[in-house]
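This report concerns only the one structure given below.
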Amino acid sequence: MFYTIRPWAVRDVKEVVRLIKEGAAFHKALDQVKTTSEDFIKDGFGKETTFGCLVAEVPPEEKTKEGHTIIGYQFHYLTYCTWDGPILFGEDLYVAPDFRGKGIGTSLLNQVAKIALEKGCSQFRFISTQWNKSATDFFTKRGAVNVTDYNRWLVAHLEGEHVRKMAEYCVKKQEPK
Amino acid sequence: MSAQQARPLAVSIRPCCAQDCAQVMRLIRELAEFEKVPEQVKISDQGLCNDGFCDDPFYKCLVAEVQPEDRSKAGPAIVGYGLYFFTYSTWKGRNIYMEDLYVMPEFRGQGIGKRLMSRIAQIGVEKGCTQMKLSVLDWNRSAIDFYLSKGAVDLTATEGWHVFRFEAEAMRQLALGQPGE
């Protein structure tokens with residue numbers, strides 16, 4: 001099957017949002033998706049953008065039943081490790097189920113590794129759910145190390161009102177800006 | 001006679017400047033020592049400075065500085081730091097990531113860590129971030145308790161999220177990899 005891997009353009013955003021929702025549904029977390037095409041267009045294409053996205057596209061004759069030609073994506077951004085310096089972080093890697101087993105996921109990963117090297121990164125990191133065996137096997141077969149198991153790092157976050165409460169404490173303490 | 005109450009040290013939270021990098025590197029090494037992996041610190045003072053103060057900085061950093069009136073003669077001025085950068089969630093949009101939060105042990109218990117973290121949260125809120133992300137070692141009970149008390153959720157425990165990495169050689173192999181069929 002012929003396909004291309006390329007950086008996304010504004011015209012691809014709606015399609016990637018569709019695939020993000022497919023991926024979230026697989027994680028039983030569709031209700032957690034709050035991002036919109038407008039968010040990605042506003043934040044993703046200006047000088048201050050902090051992230052990039054690769055898309056996998058098939059030619060029109062290979063399109064899905066619903067007429068889509070964008071059938072995979074990989075979302076990434078630069079981060080920093082105080083031990084290793086710049087690190088490229090992969091937020092998502094997704095290929096629509098009907099297009100798996102054809103090397104598209106591998107090609108997306110190959111391309112993002114090139115981007116990581118071009119940007120002077122010493123590592124490519126990402127997160128994956130432990131129960132998603134086919135994903136974790138895919139990555140570990142290609143040389144990925146499970147940092148949570150091996151080095152005992154947990155992933156955590158503060159959301160919404162908890163972030164606001166922390167921010168308000170700062171205001172109360174009148175920290176100078 | 002009334003009991004003498006020790007007042008907390010006068011400590012200010014301010015953005016790190018290039019001249020602070022050597023001090024911040026000292027604290028980075030202390031933190032790595034605590035995390036039992038001092039040999040893992042590969043970056044140098046100069047590297048940290050270049051990466052934070054170039055045209056396109058990779059990170060931002062806040063430092064906790066003891067004010068002159070409370071500084072001891074041989075003691076450090078910079079006693080804590082919080083290093084962060086902006087990321088993006090495909091589900092939630094703008095995020096702020098707190099990579100490191102560290103206060104020297106002898107300066108703990110005075111709210112410096114909370115002040116550093118709050119300032120980072122405030123910066124995140126000002127930039128429209130709805131999430132603040134971080135990582136913590138599973139045996140670092142005091143840090144886990146600190147974050148949980150601020151409303152953090154352990155995503156590894158609750159949703160099974162694990163961090164993976166491809167190191168340099170594995171990345172090079174991928175980059176050389178043949179595209180799929």
Side-chain angles (χ1 to χ4, degrees), chain A residues 20 24 32-35 39 43 50-51 75 77-80 82-86 91-92 102-104 106-107 109-110 113-114 116-117 122-131 139 142-148 152-160 162-167 169-170 173 175, chain B residues 13 28 32 40-43 47 51 58-59 83 85-88 90-94 97 99-100 114-115 117-119 121-122 124-125 130-139 147 150-156 159-168 170-171 173-175 177 179-181:
Chain A
I20 286 169
Q32 290 196 41
V33 179
K34 305 288 187 249
T35 46
D39 292 329
D43 292 335
T50 55
F51 57 88
F75 193 89
Y77 41 79
L78 271 173
T79 64
Y80 197 77
T82 46
W83 299 351
D84 300 293
E91 174 84 359
D92 291 350
K102 302 177 197 310
I104 296 173
T106 303
S107 294
L109 198 56
N110 292 152
K114 285 199 186 106
L117 290 170
S122 57
Q123 287 181 22
F124 172 62
R125 287 186 194 162
F126 59 96
I127 52 171
S128 190
T129 44
Q130 187 195 24
W131 51 261
F139 292 120
R142 285 157 181 76
V145 173
N146 184 330
V147 173
T148 296
R152 302 171 66 180
W153 285 99
L154 305 176
V155 183
H157 73 196
L158 283 85
E159 268 207 295
H162 297 293
V163 184
R164 280 192 295 277
K165 266 169 64 178
M166 283 303 299
Y169 177 79
C170 184
K173 289 290 280 184
E175 303 285 6
Chain B
I13 306 294
I28 288 170
Q40 298 263 14
V41 180
K42 310 283 194 299
I43 65 173
D51 293 340
F58 289 95
Y59 69 85
L83 191 136
F85 40 80
F86 294 99
T87 62
Y88 210 86
T90 46
W91 294 358
K92 298 285 169 70
R94 293 181 188 179
Y97 192 98
E99 171 72 13
D100 283 0
K114 187 173 180 185
R115 288 170 63 196
M117 187 171 170
S118 299
R119 182 73 189 104
Q122 186 190 35
V125 167
T130 54
Q131 289 183 323
M132 179 183 207
K133 292 198 169 144
L134 54 106
S135 288
V136 62
L137 287 161
D138 71 2
W139 53 260
Y147 295 131
K150 309 289 175 285
V153 175
D154 174 349
L155 297 170
T156 301
E159 295 178 20
W161 289 101
H162 282 214
V163 187
F164 287 77
R165 66 168 177 254
F166 284 99
E167 289 174 2
M171 252 187 3
Q173 290 299 321
L174 282 176
E181 322 214 52

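We name chains A, B, ... by the order of the sequence lines, and we start the count at 1 in each one.
Looking at L134(B), the atoms closer than 4.5 Å to chain A (heavy atoms on both sides) sit in the backbone and in the side chain alike. Both the backbone and the side chain of F126(A) come within contact range of chain B, each with at least one heavy atom under 4.5 Å from a heavy atom of that chain. Heavy-atom distances place both the backbone and the side chain of Q32(A) under 4.5 Å from chain B. Only the backbone of S122(A) comes within less than 4.5 Å of a heavy atom of chain B; no side-chain atom from C-beta onward does. At a 4.5 Å heavy-atom cutoff, the contact between F124(A) and chain B is made by backbone and side-chain atoms alike. Proximity to chain B involves both the backbone and the side chain of F139(A), based on heavy atoms less than 4.5 angstrom apart.
Rounding to the nearest 0.5 Å gives a distance of 9.5 Å between CE of M166(A) and OH of Y147(B). Taking CZ of F85(B) as the reference point, atom OH of Y59(B) lies at 11.5 Å (rounded to 0.5 Å). Atoms CD and OH, on E91(A) and Y88(B) in that order, are 10.5 Å from each other to the nearest 0.5 Å. Note: E159(A) CD to Q131(B) CD = 4.5 Å, rounded to the nearest 0.5 Å.
Across I28(B), T90(B), V125(B), I43(B), the residue that shares the most heavy-atom pairs under 4.5 angstrom with chain A is T90(B). When each of G160(A), G143(A), A144(A) is checked for heavy-atom pairs under 4.5 Å with chain B, A144(A) comes out on top. Chain A forms the most heavy-atom pairs under 4.5 Å with one residue out of A168(B), S135(B), G93(B), and that residue is S135(B). Interface remark: of the candidates G124(B), S118(B), A170(B), A175(B), S118(B) forms the most heavy-atom pairs closer than 4.5 Å to chain A. Comparing K114(B), Q40(B), K42(B) by how many heavy-atom pairs each has under 4.5 Å with chain A, the most go to K114(B). When each of L117(A), V163(A), N146(A) is scored by its heavy-atom pairs under 4.5 Å with chain B, the top score falls to N146(A). Comparing V136(B), T130(B), D100(B) by heavy-atom pairs within less than 4.5 Å of chain A, the highest count is held by V136(B). Of all the listed residues (D92(A), D43(A), L78(A)), the one sharing the greatest number of non-hydrogen pairs under 4.5 Å with chain B is D43(A). Of the listed residues (T156(B), V41(B), D138(B)), the greatest number of heavy-atom pairs within a distance under 4.5 Å of chain A belongs to D138(B).
Scanning all heavy atoms of the two residues, the minimum distance from K150(B) to L158(A) falls at O-CD2, 3.2 Å.
Under the 3.5 Å distance criterion, the side-chain polar atoms of T148(A) are matched with a main-chain donor or acceptor of W153(A). Between the side chain of N110(A) and the backbone N or O of L174(B), at least one donor-acceptor pair lies under 3.5 Å.
Of the charged side-chain nitrogens involved, at least one lies within less than 4.0 Å of a carboxylate oxygen, so that R125(A) and D84(A) count as a salt-bridged pair.
Using modelled atom types and a 3.5 Å distance limit, the side chains of R142(A) and T106(A) yield a donor-acceptor pair.
Ring geometry for W91(B) versus W161(B): interplanar angle over 60°, hence perpendicular rather than tilted (30 to 60°).
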